[in-house]
There are 2 protein chains.
Amino acid sequence: MFSIQQISDRLLEKDIKPSFQRIKIYDFLLKNNIHPNIEMIYNNLTKDIPTLSKTTIYNTLKNFEEKGLIISVNIDEKEIRYDARLITHGHFKCVKCGEIYDFDYNHDKLKIKGLPDFEIKKTDLNIKGVCPKCK
Amino acid sequence: MFSIQQISDRLLEKDIKPSFQRIKIYDFLLKNNIHPNIEMIYNNLTKDIPTLSKTTIYNTLKNFEEKGLIISVNIDEKEIRYDARLITHGHFKCVKCGEIYDFDYNHDKLKIKGLPDFEIKKTDLNIKGVCPKCK
DNA sequence: AACATAATTGTAATGATTACAAATTTAAAT
DNA sequence: ATTTAAATTTGTAATCATTACAATTATGTT
Ligand SMILES: [Mn+2]
Ligand SMILES: [Mn+2]
Ligand SMILES: [Zn+2]
Ligand SMILES: [Zn+2]
């Protein structure tokens, strides 16, 4: 899927030194498109890295986002979820099972009115509802 | 602006008994389109209602949202903001001053792809950036 | 090796939200 | 009007994600 070399290179592209923990965390995000929260990342990686600290995950993800390597998804009021998929897309959260789904939308046709002279840094389209599995 | 009678009626329309606290909280949201958090509401209303409890505000806002009287705005990772404006609109949060601005967009032209059989309950368009005042 | 710098870790603090039970208010019944 | 029941409000304690901070460990350089 993704070699350690590939992952290291992508980290370096964003001026992030490819430490063992950073590689593992980014690798997890790339391989699991589940928009995990800190807990999910921790529980999965702690098998391989028993010494891993949650603080490291928090710091790493903040660093990743600042450098533009990943995005944070704030569709959940309770916790921040993370996503390594950088192509513009929206997020759907099922209020029953809590799962977060990706979806595409016609972002190029989106017309924002009334924000002249506003500098836009991030646009999020978040939808809540019930997924087919839960209906 | 809004008479107590008008506010009571709108609460009753949504099957919410117009208690003194509920009227005051809804009145505050109607008169102050600032997307306040709990703290802002508490600090403002506690002048008039010294006995007001934050728990009441939490319960009331949850009740309001469930009944469809207001919406919650989750653009802020830290806290929930509240809005009595029910017309479809987006929210812009300035990352410098923290202020949240309303904006309109062509919601009717928005095409969601890849969510067949998903039941949509709430659509949020959230933008982050820097407002003119902070540039 | 000795030193400086960066990264990681563990623990404590923060702060918004929720749980819960007691107190108060409101409405209904007698 | 008094009593009773139900709804609402309140205060306090608990929860839980996130952050602050200092100590430890790893990495790189002379
Ligand atoms: Mn995604
Ligand atoms: Mn608004
Ligand atoms: Zn579901
Ligand atoms: Zn601003």
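The analysis underlying the following values was restricted to heavy atoms, covering all of them including side chains, and did not include hydrogens, waters or symmetry mates. Numbered from 1 within each chain, the chains take letters A, B, ... in sequence-line order.
- Under the 4.5 Å side-chain heavy-atom criterion for grouping Ile, Leu, Val, Met, Phe, Trp and Tyr, B/V73 is not connected to B/F103 through any hydrophobic cluster.
- With sequence neighbours excluded, the residues satisfying ring pair (Phe, Tyr, Trp, His ring centres under 6.0 Å) with A/F118 are B/F92, B/Y101.
- Looking at A/E79 and A/R81, a side-chain N of the basic residue comes within less than 4.0 Å of a carboxylate O on the acidic one, giving a salt bridge.
- First and last contacting nucleotides of DNA chain C toward chain B (any atom under 4.0 angstrom from a heavy atom, 5' to 3' order): C/dA16 to C/dC20.
- Between B/D124 and B/K122, at least one side-chain nitrogen of the basic residue sits less than 4.0 Å from a carboxylate oxygen of the acidic one, meeting the salt-bridge criterion.
- Taking 4.0 angstrom as the limit, A/K78 places none of its side-chain polar atoms (N or O) nearer than this to OP1 or OP2 of D/dT18.
- Around CD1 of A/I87, the count of heavy atoms belonging to other residues, nucleotides or ligands within 6.0 Å does not exceed 12.
- Contacts between residues 12-22 of chain A and DNA chain D, defined by a heavy-atom separation below 4.0 Å, involve no residue at all.
- Between B/K128 and B/E77, at least one side-chain N (NZ, or NE/NH1/NH2) sits under 4.0 Å from a carboxylate O, which counts as a salt bridge.
- Contacts with DNA chain C (heavy atom under 4.0 Å) in residues 51-76 of chain A: A/T51, A/L52, A/S53, A/T55, A/T56, A/N59, listed by number.
- In terms of hydrophobic clustering, with Ile, Leu, Val, Met, Phe, Trp and Tyr side chains grouped at heavy-atom distances under 4.5 Å, B/I34 and B/V95 are assigned to different clusters.
- Put simply, the side chain of A/I57 does not reach to within 4.5 Å of the side chain of A/L45, judged on heavy atoms.
- The aromatic rings of A/H89 and A/H35 lie tilted to each other, with the angle between the two planes from 30° to 60°.
- Where the helix from C/dA1-D/dT30 to C/dT30-D/dA1 starts and where it ends, the local axes point in directions that differ by 10°; five pairs per end, rounded to 10°.
- Within the 4.5 Å cutoff, the side chain of A/L61 has heavy atoms near those of the A/I70 side chain.
- As rounded to whole Å, 13 Å separates atom P of D/dA17 from atom OH of A/Y42.
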Scan the side chains in residues 10-18 of chain A for donor-acceptor partners under 3.5 Å anywhere in the protein, sequence neighbours excluded, and list what turns up.
from	atom 1	to	atom 2	distance (Å)
A/R10	NE	A/Y26	OH	3.2
A/R10	NH2	A/Y26	OH	3.1

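- The pair A/K135-B/D117 fails the salt-bridge criterion, with no side-chain N (NZ, NE, NH1 or NH2) lying under 4.0 Å from an Asp/Glu carboxylate O.
- When rounded to the nearest whole Å, the span between CD1 of B/I80 and C1' of D/dT18 equals 16 Å.
- Inspection of the B/T56 and B/Q21 side chains reveals no N or O donor paired with an N or O acceptor under 3.5 Å.
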